[in-house]
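Every value quoted in this text rests on a predicted model; they were computed, and no experiment measured them. Within every chain, numbering begins at 1; the chains are lettered A, B, ... in the order of the sequence lines, protein sequences first and strands thereafter.
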Amino acid sequence: MLSQRQTPTASMKIATYNINGINGRLPRLLEWLHESEPDVVCLQELKTSDATFPAEALREAGYHAAWRGQRAYNGVAILARHAEPVVTRRGLPGDVADPESRYLEAAVEGVLIACLYLPNGNPQPGPKFDYKLAWFERLITHAQGLLDSGAPVVLAGDFNVVPTDADIYATRSWLDDALLQPESRAAFARLLEQGWTDAVRRLHPTAPIYTYWDYKRNRWQRDAGLRIDHLLLSPSLAQRLKRAEVEKAVRGREGASDHAPVWIELR
DNA sequence: ATGCCAAGCATCGCTTGA
């Protein structure tokens with residue numbers, strides 16, 4: 001008789017969380033890992049160099065980690081509970097001169113996990129917005145290759161795109177923001193059209209769902225949020241999608257990141 | 001048009017984020 005762990009149909013919980021500074025929020029991160037018990041976690045905005053990544057504390061909490069840090073800004077990591085993530089890529093192809101730590105890819109228990117932190121792009125127009133759109137093109141090119149490989153893949157992370165008006169509260173405040181520009185939305189739509197499934201929207205087609213609430217202007221208290229953290233599934237994984245949730249309560253805690261964790265469960 | 005919050009890095013202000 002097979003054990004639960006060896007059964008290929010065993011469920012798998014995969015989360016993405018923009019932690020907004022991993023060292024400053026380490027106690028909150030460990031607390032969340034303990035209560036939520038995700039099998040795989042994609043973290044963004046580590047805001048720490050490779051040398052100061054808290055690998056030891058995470059290991060003690062039961063998580064193996066792969067990371068690509070950067071001093072003060074950006075930085076991404078993949079955590080895994082039962083196995084060491086096997087890193088397949090430490091950057092997005094297409095620009096070897098890109099110095100920003102925004103992409104990390106690893107295989108975990110038969111699933112290819114792509115952890116990404118897409119550039120914010122503000123102010124727009126301007127060089128930062130150009131960088132965002134160029135990064136998006138590189139992602140679209142690479143994502144097509146991942147689909148063509150036929151591997152089970154999750155693209156998880158902070159995409160810095162509000163896909164539609166249903167993914168933001170009723171407001172005009174963000175109309176000039178890079179997160180809502182037609183170019184940003186068109187790029188995200190083109191990515192989906194390759195054959196990816198937006199997991200949260202597949203299971204919650206119409207509900208207002210947000211993953212980020214600005215610290216300013218009482219936006220958390222007003223539930224004035226944006227949905228910008230996404231998990232996109234390749235076709236074989238989309239068939240295994242069982243649940244998809246935003247852990248909204250985590251955002252309301254003392255000293256929380258301005259993002260909430262988002263997770264999916266695969267059967 | 002401006003400040004509003006928060007973190008990091010470096011001082012008591014600047015940069016960046018979204």
Side-chain angles (χ1 to χ4, degrees), chain A residues 16-30 32 42-54 67-77 98-103 115-136 139 156-185 187-188 200 208-230 246 248 250-262:
Chain A
T16 183
Y17 189 13
N18 179 320
I19 191 67
N20 189 13
I22 192 170
N23 283 312
R25 300 189 206 284
L26 187 58
R28 306 330 299 263
L29 175 62
L30 295 174
W32 169 70
C42 294
L43 295 174
Q44 303 86 33
E45 281 211 83
L46 303 178
K47 295 187 174 179
T48 186
S49 62
D50 281 339
T52 48
F53 181 83
W67 63 94
R68 187 178 167 217
Q70 182 181 331
R71 182 176 170 272
Y73 305 111
N74 308 318
V76 284
D98 187 351
E100 303 193 9
S101 296
R102 296 183 174 276
Y103 188 88
C115 174
L116 63 100
Y117 176 42
L118 216 134
N120 167 295
N122 281 307
Q124 74 78 31
K128 293 197 172 184
F129 192 58
D130 295 341
Y131 174 61
K132 175 184 193 140
L133 296 180
W135 206 96
F136 227 136
L139 177 64
D158 178 354
F159 285 71
N160 271 318
V161 177
V162 174
T164 73
D165 290 344
D167 300 306
I168 184 168
Y169 63 104
T171 181
R172 291 192 301 269
S173 306
W174 298 82
L175 288 180
D176 290 330
D177 195 281
L179 278 59
L180 277 77
Q181 291 316 294
E183 296 95 328
S184 307
R185 287 179 161 180
F188 188 77
V200 166
I209 296 175
Y210 312 132
T211 66
Y212 162 82
W213 295 259
D214 199 311
Y215 290 121
K216 298 189 283 286
R217 302 178 176 91
N218 283 316
R219 282 190 170 133
W220 166 249
Q221 288 79 1
R222 293 161 47 213
D223 195 25
L226 287 65
R227 192 174 75 95
I228 57 176
D229 300 274
H230 309 295
V246 176
K248 190 174 172 182
V250 174
R251 171 62 180 84
R253 291 178 183 168
E254 190 78 25
S257 165
D258 41 6
H259 295 248
V262 188

| task | Have a look at Lys128(A) and say if it touches a base, only the backbone sugar-phosphate, or nothing, with a 4.0 Å heavy-atom cut-off. | result | sugar-phosphate
| said: From CD of Glu45(A) over to C1' of dT16(B), roughly how many Å is that when rounded to an integer? | reply: 9 Å
| query | If we ignore angles and hydrogens, is there a donor and acceptor under 3.5 Å between the side chains of Trp174(A) and Tyr169(A)? | reply | yes
| Looking for any heavy atom pair under 4.0 Å, which part of the strands does Asn18(A) touch: base, sugar-phosphate only, or nothing? | sugar-phosphate
| task | Find the distance Glu100(A):CD to dT16(B):P and express it as a whole number of Å. | result | 10 Å
| query | Heavy atoms under 4.0 Å, any strand shown: does Asn160(A) hit a base, just sugar-phosphate, or nothing? | reply | sugar-phosphate
| Atom-to-atom span, CD of Gln124(A) to C1' of dG17(B) - whole angstrom | 16 Å
| task | Send over the distance from Asp258(A) CG to dT16(B) C1', rounded to a whole Å. | result | 12 Å
| field | Partner residues of Asp98(A) under the salt bridge (charged side-chain N to carboxylate O under 4.0 Å, His left out) criterion, sequence neighbours left out | value | Arg138(A)
| query | Arg253(A): what forms a salt bridge (charged side-chain N to carboxylate O under 4.0 Å, His left out) with it, not counting sequence neighbours? | reply | Glu31(A), Glu35(A)
| query | Can you name the residues that form a side-chain contact (heavy atoms from CB on, under 4.5 Å) with Arg71(A), not counting sequence neighbours? | reply | none
| message | Output the rounded distance in Å from CG (Leu179(A)) to P (dG17(B)). | response | 11 Å
| Excluding sequence neighbours, so at least two apart, what forms ring pair (Phe, Tyr, Trp, His ring centres under 6.0 Å) with Tyr210(A)? | none
| Any residue meeting ring pair (Phe, Tyr, Trp, His ring centres under 6.0 Å) with His259(A), in chain and number order, not counting sequence neighbours | Tyr212(A)
| task | Rounded off to whole Å, could you give me the CZ-to-C1' distance for the Phe129(A) and dG17(B) pair? | result | 16 Å
| said: Can you list everything that forms a ring pair (Phe, Tyr, Trp, His ring centres under 6.0 Å) with Tyr73(A)? Sequence neighbours excluded, please. | reply: none
| field | Base-contact (B) and sugar-phosphate-only (S) positions in nucleotides 5-10 of chain B, heavy-atom cut-off under 4.0 Å, - elsewhere | value | BSSSSS
| Any sub-3.5 Å donor-acceptor pair from Asn122(A)'s side-chain atoms to Ala178(A)'s backbone N or O? | yes
| Given the rule that a pair is Watson-Crick or G-U wobble with both distances under 3.5 Å, how would you write DNA chain B in dot-bracket, using | for pairs to a different strand? | ....(((((...))))).
| Using the P atom in both, what is the distance from dT16(B) to dT11(B), to the nearest Å? | 16 Å
| Atom-to-atom span, CD of Gln70(A) to P of dG17(B) - whole angstrom | 10 Å
| Taking CG from Asp176(A) and P from dA1(B), how many angstroms apart are they, rounded to a whole number? | 11 Å
| request: Please state the P separation for the pair dA10(B) and dC5(B) - nearest whole angstrom. | output: 25 Å
| query | When all nucleic acid strands are considered with a 4.0 Å heavy-atom cut-off, which category describes Tyr117(A): base, sugar-phosphate, or nothing? | reply | sugar-phosphate
| salt bridge (charged side-chain N to carboxylate O under 4.0 Å, His left out) contacts touching residues 164-180 of chain A (sequence neighbours left out) | Asp165(A)-Arg185(A), Asp167(A)-Arg201(A), Asp167(A)-Arg227(A)
| said: Applying a 4.0 Å non-hydrogen cut-off, can you work out what Asp158(A) is touching in the nucleic acid: base, sugar-phosphate, or nothing? | reply: sugar-phosphate
| message | What's the gap between dT2(B) and dT15(B) when it is taken at their P atoms, as a whole Å value? | response | 16 Å
| field | Distance, C1' atom - from dG3(B) to dG17(B), rounded to whole angstrom | value | 16 Å
| task | Kindly assign one of parallel, tilted or perpendicular to the pair His230(A) and Phe188(A), based on the angle between their ring planes and the thresholds 30° and 60°. | result | tilted
